[in-house]
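Below, all heavy atoms of this structure are taken into account, side chains as well, without hydrogens, waters or symmetry copies. Small disclaimer: the values here were computed from a predicted structure and weren't measured. For this chain, numbers begin at 1 and follow the sequence in order.
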Amino acid sequence: MDKTQITIHAYNKNAERYVKKFMDFTDYNEKIDRFSKYINKGDKILDLGCGPGNVAKQLWNSVGPFEYIGVDLSEEMLNIARKTFEWGTFFCTDLKDIDFENSAFDIIVMSFCIVHLDNDEMSKLISKVSKYLRPSGKLYISFMSGKKEGFESTSFSEEKIFFNYYSVESIRQELSRNDFKVIDEIQADYIESDDSITTDNFLFAEKL
């Protein structure tokens, strides 16, 4: 199996454990709540790596109603997402294969999805996302810094998952090359299961 198949196998097997930890994870909910001020009722939202629908549920409670499409490659996660957020449309698709119309969305959410891509895949995805967002549309993107890429067990999965780590500057440069302007930025420490510390990064950007 390649890195994507290995990763999705782990998510499918541990979907319920993931939900118990992250469905109402306060540290991440605070960042989504801060981003919600950029969303208007009736906006069209694309959520890449939507997982169990936690972001959709939170945004709906804060801002809804809106039009929502969620994409994830884990069928088990999507089974949960469809129950969590009944107003959405969900697709089980590899993020490397997504294809939407240009300028189709007002908002795009990429919550810790690029962490499962290599550098080239990440770059291609951000290029696509830039085309899908309307001018003045907003992007939420989160990722980790602090380690080298590789396979790791996690607090919710003993099975290995592929993780990639990015510097903030590298993602800023990628966004700039694709006609984005960063409008807000947050860094926060995340304590891993082995008590090591990873830096979580949250960037909000506007399509120029």
Side-chain angles (χ1 to χ4, degrees), residues 4 7-41 43-95 98 105-117 125 129 138-144 152-157 159 161-164 184 186-193 198-205:
T4 301
T7 296
I8 295 306
H9 170 75
Y11 275 112
N12 279 331
K13 185 172 181 179
N14 296 283
E16 292 291 346
R17 292 180 64 186
Y18 180 94
V19 166
K20 287 179 181 178
K21 175 149 191 179
F22 290 113
M23 181 63 80
D24 294 300
F25 193 64
T26 300
D27 289 352
Y28 295 166
N29 288 355
E30 290 173 353
K31 313 309 186 292
I32 292 295
D33 186 60
R34 183 160 158 174
F35 180 72
S36 68
K37 68 181 181 181
Y38 299 106
I39 302 175
N40 299 307
K41 285 183 172 64
D43 276 353
K44 189 170 183 179
I45 299 175
L46 175 64
D47 188 359
L48 298 177
C50 65
N54 50 310
V55 171
K57 178 183 177 181
Q58 184 180 349
L59 288 178
W60 186 270
N61 290 338
S62 298
V63 183
F66 46 69
E67 191 173 348
Y68 174 92
I69 293 176
V71 179
D72 205 283
L73 192 52
S74 167
E75 193 61 69
E76 291 301 321
M77 286 288 193
L78 290 176
N79 287 338
I80 297 169
R82 293 183 180 103
K83 297 173 184 176
T84 300
F85 188 69
E86 61 186 277
W87 302 277
T89 300
F90 294 93
F91 297 101
C92 187
T93 303
D94 193 320
L95 297 185
I98 59 171
F105 297 96
D106 302 289
I107 302 291
I108 296 182
V109 175
M110 301 171 67
S111 178
F112 293 105
C113 67
I114 64 170
V115 303
H116 303 307
L117 305 177
L125 181 60
V129 162
K138 303 301 189 296
L139 171 69
Y140 175 105
I141 183 168
S142 54
F143 55 96
M144 299 99 68
E152 306 172 22
S153 297
T154 70
S155 58
F156 65 88
S157 172
E159 287 74 22
I161 293 175
F162 175 81
F163 286 101
N164 197 3
D184 198 0
I186 312 161
Q187 277 80 47
D189 287 342
Y190 177 85
I191 301 175
E192 302 283 0
S193 54
T198 299
T199 300
D200 287 337
N201 306 287
F202 306 82
L203 302 184
F204 306 164

Got a second to check how far [X]'s [atom1] is from [Y]'s [atom2], nearest 0.5 Å?
X	Y	atom1	atom2	value
Leu117	Phe162	CG	CZ	8.0 Å
Leu73	Asn12	CG	CG	8.0 Å
Ser157	His9	OG	NE2	8.0 Å
Tyr68	Cys50	OH	SG	4.5 Å
Leu59	Ser36	CG	OG	6.5 Å
Glu67	Trp87	CD	CH2	15.5 Å

Inset, instruction - Only one of His116, Glu76, Arg17 passes side-chain hydrogen bond (donor to acceptor under 3.5 Å, both in side chains) with Tyr11; say which it is. - result: His116

Inset, instruction - Spell out, as yes or no, whether a donor-acceptor pair under 3.5 Å connects the side chain of Gln58 to the backbone of Asn29. - result: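 Yes.
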
Inset, instruction - Ignoring hydrogens and angles, tell me if any N or O in the side chain of Asp72 forms a donor-acceptor pair with the backbone of Gly51 under 3.5 Å. - result: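 Here the side-chain-to-backbone pair exists.
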
Tell me if the centroids of the rings in [X] and [Y] come within less than 6.0 Å of each other.
X	Y	value
Phe143	Phe163	no
Phe112	Tyr28	yes
Phe25	Tyr18	no

Inset, instruction - Give the C-alpha distance, both sets of side-chain angles, the deciding distance and a yes or no for side chain to side chain donor-acceptor pair (under 3.5 Å) between Ser142 and Lys31. - result: CA-CA 10 Å; Ser142 54; Lys31 313 309 186 292; over 6 Å; no

Inset, instruction - Let me see the working for Leu46 and Val71 under side chain to side chain contact (heavy atoms under 4.5 Å, CB included), right down to the final yes or no. - result: CA-CA 8 Å; Leu46 175 64; Val71 179; 4.0 Å; yes

Legend entry - Non-hydrogen side-chain atoms of Tyr38 and Tyr140 separated by less than 4.5 Å: no

Inset, instruction - Could you list all the salt bridge (charged side-chain N to carboxylate O under 4.0 Å, His left out) pairs where at least one residue sits in residues 80-92, not counting sequence neighbours? - result: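 Residue pairs passing salt bridge (charged side-chain N to carboxylate O under 4.0 Å, His left out), neighbours aside: Glu75-Arg82.
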
